[in-house]
Amino acid sequence: MTKVIAIVGPTAVGKTALSVELAKQLNGEVISGDSMQVYRRLDVGTAKVTPEEQQGIPHHLIDICDVDEQYSVARFKQEANSAIKDIAKRGHLPIIAGGTGFYLQALTDNLSLGGKQDKDSEAIRQRWQELIDENGPEWGWQQLNAKDPQAAANIPVQNIRRVIRALEVIEISKKPFSEQEQRTSLDEYLLIGLTTDRQVLYQRINQRVDIMIQNGLLGEARALYEQGGKNLPAGKGIGYHELFPYFAGEVDLDYAVDKIKLDSRHYAKRQLTWFRNKMTVNWFDLVSGQNSINEIKSFIEDWLRN
RNA sequence: GGAGGAGUAGCGAAGUCUGGCUAAACGCGACGGUCUGUAAAACCGUUCCUUCGGGUUCGGCGGUUCGAAUCCACCCUCCUCCA
C-alpha cells in the first residue's frame with residue numbers, strides 16, 4: 001500500500017499552488033485529478049498549471065488527450081493508479097490535486113465502475129437514447145425498473161443519462177447495475193481539503209474568470225468551437241460552452257462572461273457538496289489565513305510517519 | 001404645471017378588468033442535496049416568519065364587503081411624454 005496525498009476542494013481555492021509547494025517540500029510529484037485538464041490546448045479555461053508554476057515538479061495526467069477524444073473516470077482511475085505506482089517506485093510522494101469529485105472517489109474507493117467496457121457500448125447507449133426519445137423518460141425508467149428495481153429506485157426518472165448508463169451496464173455485463181462489486185482501496189489516502197468563506201470564494205472565482213479573459217480564453221474557446229466543440233465532452237467545460245453562443249452571435253460577450261462566472265460558482269458549490277458528503281476530508285483554509293501551509297505540511301508528515 | 005404609466009416575496013415578473021379556488025404562478029438568484037465509464041456532465045429539493053398550532057404580507061393610510069393584491073378615497077415614490 002502506497003501512501004498518497006490528495007488535495008481536493010472547489011475551484012479557485014489554491015489547490016494548484018499548494019500541491020506544487022508540498023511537492024517541493026516533501027519530494028513529491030503531482031497528479032492532476034481534473035476531468036478537463038487532461039485535454040491539450042485547454043489551458044487558460046481549465047486553469048491548468050503553467051510550466052512556470054510547475055517549478056520543475058513533474059505533473060501527470062495533464063495534456064494527455066486531444067479535444068475530440070472522450071476521457072472517462074475509468075481511464076482516469078487506471079492511469080492515476082499507474083502514475084502512483086511509478087512515482088512510488090522513484091521514491092517520491094504522489095500528490096493528487098484536483099476538483100473532480102467522481103474521479104477522486106473512483107480512485108480512493110477503488111470503484112468498479114461497471115466492469116469492462118464493451119466496444120459496443122456506444123451503440124447500445126445510442127439505441128437506448130433513441131428509444132427514450134421516442135417513448136419518453138418514464139418508459140425508459142420502467143425498462144430499468146423491470147430489470148433492476150434497486151438501481152431504478154436510486155435513479156430519478158428525469159435523469160435520463162444515468163438511466164441509460166444503468167441499462168447499458170446491465171446489457172453488457174448481464175448483471176444488475178446495482179450489484180457493483182465492492183472493492184477495498186488499493187492505496188492509503190490522506191485527503192486534504194481546501195475551502196474558505198463562500199462569499200470570498202465567489203469573489204475569487206469572478207476575478208479569476210476576468211483574468212482568464214485577459215489571458216486569452218476567447219481564442220482558446222474559439223478554437224474549440226471551430227473544432228465542433230459543441231458536441232464534444234471537452235466542449236462541456238465551463239469557460240468554453242458559455243462562449244459558444246457568443247461566437248454564434250446569439251448573445252453578447254458580457255452575458256457570456258457573466259454566465260461563466262455563474263456556472264463556475266455553481267460548480268464550486270457542487271464540488272463542496274461532493275467532498276463534504278462523500279469523502280472523509282481534512283479541511284483547511286489557506287485563503288483566510290486561518291491555516292498555513294506549514295500546518296498542512298506537518299499534518300501530512302505526521303500521517304506519513306505512522 | 002399638464003397628460004399618461006407603474007409600485008407584488010432577495011431580484012425579475014404574472015395575478016388586478018370578472019373580490020373567495022392565492023402565502024400569491026413562473027423565471028432567476030441563493031441555499032441544500034443525488035451521484036459506480038460523458039461528472040466542469042446529468043438530475044432533484046427548499047426558499048415571508050414560526051415553538052409547525054399558527055402568525056404577518058402584495059408602496060402607505062383609511063373605506064366598502066361575510067371576505068381585498070384584486071373595488072373606492074386620499075397620500076407617498078418612480079418612469080415616460082407635453083410644457
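It should be emphasised that the depicted structure is a prediction, and the values quoted were computed from it without experimental measurement. Hydrogens, waters and symmetry mates play no part in the numbers below; they use all other heavy atoms, side chains included. Numbers restart at 1 for each chain; the letters A, B, ... are given by sequence-line order, proteins then strands.
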Visitor: Using only heavy-atom distances, decide whether a donor-acceptor pair under 3.5 angstrom links the side-chain of A:Asp263 to the base of B:A40.
Guide: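 No.
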Visitor: Taking pairing as Watson-Crick or G-U wobble with both contacts under 3.5 Å, can you name the mate of B:A68, or confirm there isn't one?
Guide: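 Across all strands, not a single nucleotide pairs with B:A68.
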Visitor: The side chain of A:Leu262 lies closest to which of these nucleotides: B:U36, B:G37, B:A30?
Guide: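 The answer is B:A30, which lies nearest to the side chain.
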Visitor: Could you tell me the Watson-Crick or G-U partner of B:A14, where both distances fall under 3.5 Å? Say none if there is no partner.
Guide: none
Visitor: Under 4.0 Å from any atom of RNA chain B, heavy atoms only: list the residues of residues 223-235 of chain A that qualify, in numerical order.
Guide: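 Nucleic-acid contacts, sorted: none.
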Visitor: Tell me if a side-chain donor or acceptor on A:Lys24 pairs with a main-chain N or O of A:Ile57 at a distance below 3.5 Å.
Guide: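 Not at all, since once roles are kept as given, no pair shorter than 3.5 Å links the two residues.
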Visitor: Please report the distance, rounded to the nearest Å, between CD in A:Gln203 and C1' in B:A30.
Guide: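 Computing the A:Gln203:CD to B:A30:C1' distance gives 16 Å.
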Visitor: Provide, to the nearest angstrom, the distance between the CG atom belonging to A:Leu104 and the P atom belonging to B:C35.
Guide: 16 Å
Visitor: Has the side chain of A:Gln55 got a donor or acceptor atom that lies under 3.5 Å from a matching backbone atom of A:Glu52?
Guide: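 Not a single qualifying donor-acceptor pair exists.
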Visitor: Let me know the distance between CZ of A:Arg198 and C1' of B:G32, rounded to the nearest Å.
Guide: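 The distance from CZ of A:Arg198 to C1' of B:G32 comes to 9 Å, rounded to the nearest Å.
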Visitor: Which protein N or O atoms sit under 3.5 Å from an N or O of nucleotides 43-45 of chain B?
Guide:
from, atom 1, to, atom 2, distance (Å)
B:C43, O4', A:Asn159, ND2, 3.3

Visitor: Using purine N1 to pyrimidine N3 plus N6-O4 or O6-N4 for Watson-Crick, or N1-O2 and O6-N3 for G-U wobble, both under 3.5 Å, which nucleotide pairs with B:G32?
Guide: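 Checking every strand shown, B:G32 finds its partner in B:C44, with both distances under 3.5 Å.
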